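A quick note: this is a predicted structure, and the numbers were derived from the prediction, not measured. Lettering of chains follows the sequences in order, A, B, ..., and the numbering in each one begins at 1.
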Amino acid sequence: DGGITQSPKYLFRKEGQNVTLSCEQNLNHDAMYWYRQDPGQGLRLIYYSQIVNDFQKGDIAEGYSVSREKKESFPLTVTSAQKNPTAFYLCASKRAGEAGANVLTFGAGSRLTVL
Amino acid sequence: AQSVTQPDIHITVSEGASLELRCNYSYGATPYLFWYVQSPGQGLQLLLKYFSGDTLVQGIKGFEAEFKRSQSSFNLRKPSVHWSDAAEYFCAVNSGNTPLVFGKGTRLSVIA
């Protein structure tokens with residue numbers, strides 16, 4: 001079945017360490033997104049990419065980095081510069097183009113806890 | 001800048017009662033509107049969407065929503081709530097290929 005796979009589901013990190021969250025999709029979607037979710041805050045956009053080798057900052061990009069070397073993959077690195085990284089991270093993707101394609105499909109999420 | 005407001009942080013309803021979750025948006029262009037549902041610790045699942053045409057849209061699990069341009073609203077409704085509907089609900093908006101902007105969510109509790 002097609003879908004989005006996020007790994008790991010749970011991750012613990014010590015302060016000062018970088019961590020990378022994986023997001024892989026086999027939906028042949030063009031655009032991919034990373035959102036951060038905190039209780040009572042909804043989803044906030046970190047980074048997005050509409051095409052391979054190109055990506056744009058979202059509303060809360062500071063302390064994060066991404067790459068898009070392959071269409072299927074959009075890993076997110078949470079760097080030590082991110083002051084409050086403990087959160088639930090959601091990856092999503094969608095086809096580009098007409099309005100009918102304008103529906104995000106989400107992965108199951110990764111929960112990062114900084115100890 | 002576009003924004004989405006979900007005025008109710010938490011709603012509790014009795015099983016079998018009707019439900020309405022409110023969503024108001026601020027958007028300059030013609031919006032595309034969405035409702036997603038999230039179970040604890042899970043990703044988001046699309047309930048329904050509005051792009052154009054009939055302003056009353058039907059979704060999965062017996063949900064519907066009505067787009068009211070004059071009120072900038074897209075409220076979600078269900079005539080009879082089931083215990084399995086307990087979850088968090090998010091309204092979202094965008095236009096074309098712009099990233100989705102989400103509201104802060106409404107948590108729904110269902111009591112017997």
Rounded at 0.5 Å granularity, tell me how far [atom1] in [X] sits from [atom2] in [Y].
X      : Y      : atom1 : atom2 : answer
B:E20  : B:D8   : CD    : CG    : 9.5 Å
A:L112 : A:K9   : CG    : NZ    : 13.5 Å
B:D54  : B:Q58  : CG    : CD    : 8.5 Å
B:Q45  : B:F90  : CD    : CZ    : 13.5 Å
B:H10  : B:T106 : NE2   : OG1   : 10.0 Å
A:C23  : A:Q25  : SG    : CD    : 7.5 Å

Counting C-beta onward and ignoring hydrogens, is there a side-chain heavy-atom pair between B:V13 and B:I111 closer than 4.5 Å?
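Counting from C-beta outward, B:V13 and B:I111 never come under 4.5 Å.
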
Could you pull out the closest heavy-atom pair between B:P7 and B:N24, with the gap in Å?
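Closest heavy-atom pair between B:P7 and B:N24: CG-OD1, 4.3 Å.
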
Please report the shortest heavy-atom distance between A:S110 and A:P8, naming the atom on each side.
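Closest heavy-atom pair between A:S110 and A:P8: OG-O, 2.6 Å.
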
Which region of B:I9, side chain (C-beta onward) or backbone (N, CA, C, O), has a non-hydrogen atom less than 4.5 Å from a non-hydrogen atom of chain A, or is it both or neither?
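Contact with chain A involves no heavy atom of B:I9 at all.
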
Quick one, B:F102 with B:L44, criterion side chain to side chain contact (heavy atoms under 4.5 Å, CB included). Give me CA distance, side-chain angles, the key distance, then yes/no.
CA-CA 12 Å; B:F102 286 85; B:L44 275 68; 3.8 Å; yes

Criterion side chain to side chain contact (heavy atoms under 4.5 Å, CB included) on A:L27 and A:S93, from CA distance to verdict:
CA-CA 8 Å; A:L27 300 165; A:S93 69; 3.8 Å; yes

Is the count of non-hydrogen atoms from other residues, nucleotides or ligands lying under 6.0 Å from A:K57 atom NZ greater than 12?
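No, the 6.0 Å shell around NZ holds no more than 12 heavy atoms from other groups.
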
Quick check on the structure: residues of residues 29-48 of chain A within a heavy-atom distance below 4.5 Å of chain B, by number.
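Residues A:Y33, A:Y35, A:Q37, A:G40, A:Q41, A:G42, A:L43, A:L45, A:Y48 are the ones that qualify, each having a heavy atom under 4.5 Å from chain B.
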
So which residues of residues 58-90 of chain A are in contact with chain B at a heavy-atom cut-off of under 4.5 Å?
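Answer by number: A:F88, A:L90.
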
Taking non-hydrogen atoms and a cut-off under 4.5 angstrom, which of residues 68-81 of chain B neighbour chain A?
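Contacts with chain A: none.
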
Select all residues of residues 33-43 of chain B having any heavy atom within less than 4.5 Å of some heavy atom of chain A, and report them by number, or 'none'.
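The residues closer than 4.5 Å to chain A, in numerical order, are B:F34, B:Y36, B:Q38, B:G41, B:Q42, B:G43.
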
Please report the C-alpha distance between A:T20 and A:N18 in whole Å, then the side-chain angles of each, then the deciding distance to 0.1 Å, and finally whether the side chain to side chain contact (heavy atoms under 4.5 Å, CB included) criterion is met.
CA-CA 7 Å; A:T20 297; A:N18 292 356; over 6 Å; no

If only atom types and distance count, is the side chain of B:Q6 paired as donor or acceptor with the main-chain N or O of B:G105 below 3.5 Å?
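A pair under 3.5 Å: yes.
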
Using modelled atom types only, decide if a donor and an acceptor are shared between the side chain of B:E64 and the backbone of B:V57 within a distance under 3.5 Å.
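No: the side chain of B:E64 does not pair with the backbone of B:V57.
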
Are any of the side-chain nitrogens in B:D85 or B:K61 under 4.0 Å away from the carboxylate oxygens of its partner?
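A salt bridge is absent here (no side-chain N lies under 4.0 Å from a carboxylate O).
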
Heavy-atom distances under 4.5 Å only: say whether A:Q50 touches chain B with side chain, backbone, both or neither.
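Contact with chain B involves the side chain of A:Q50 alone.
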
Take B:Y27 and B:V101 through the test side chain to side chain contact (heavy atoms under 4.5 Å, CB included) and record every step on the way to the result.
CA-CA 10 Å; B:Y27 205 80; B:V101 175; 5.8 Å; no

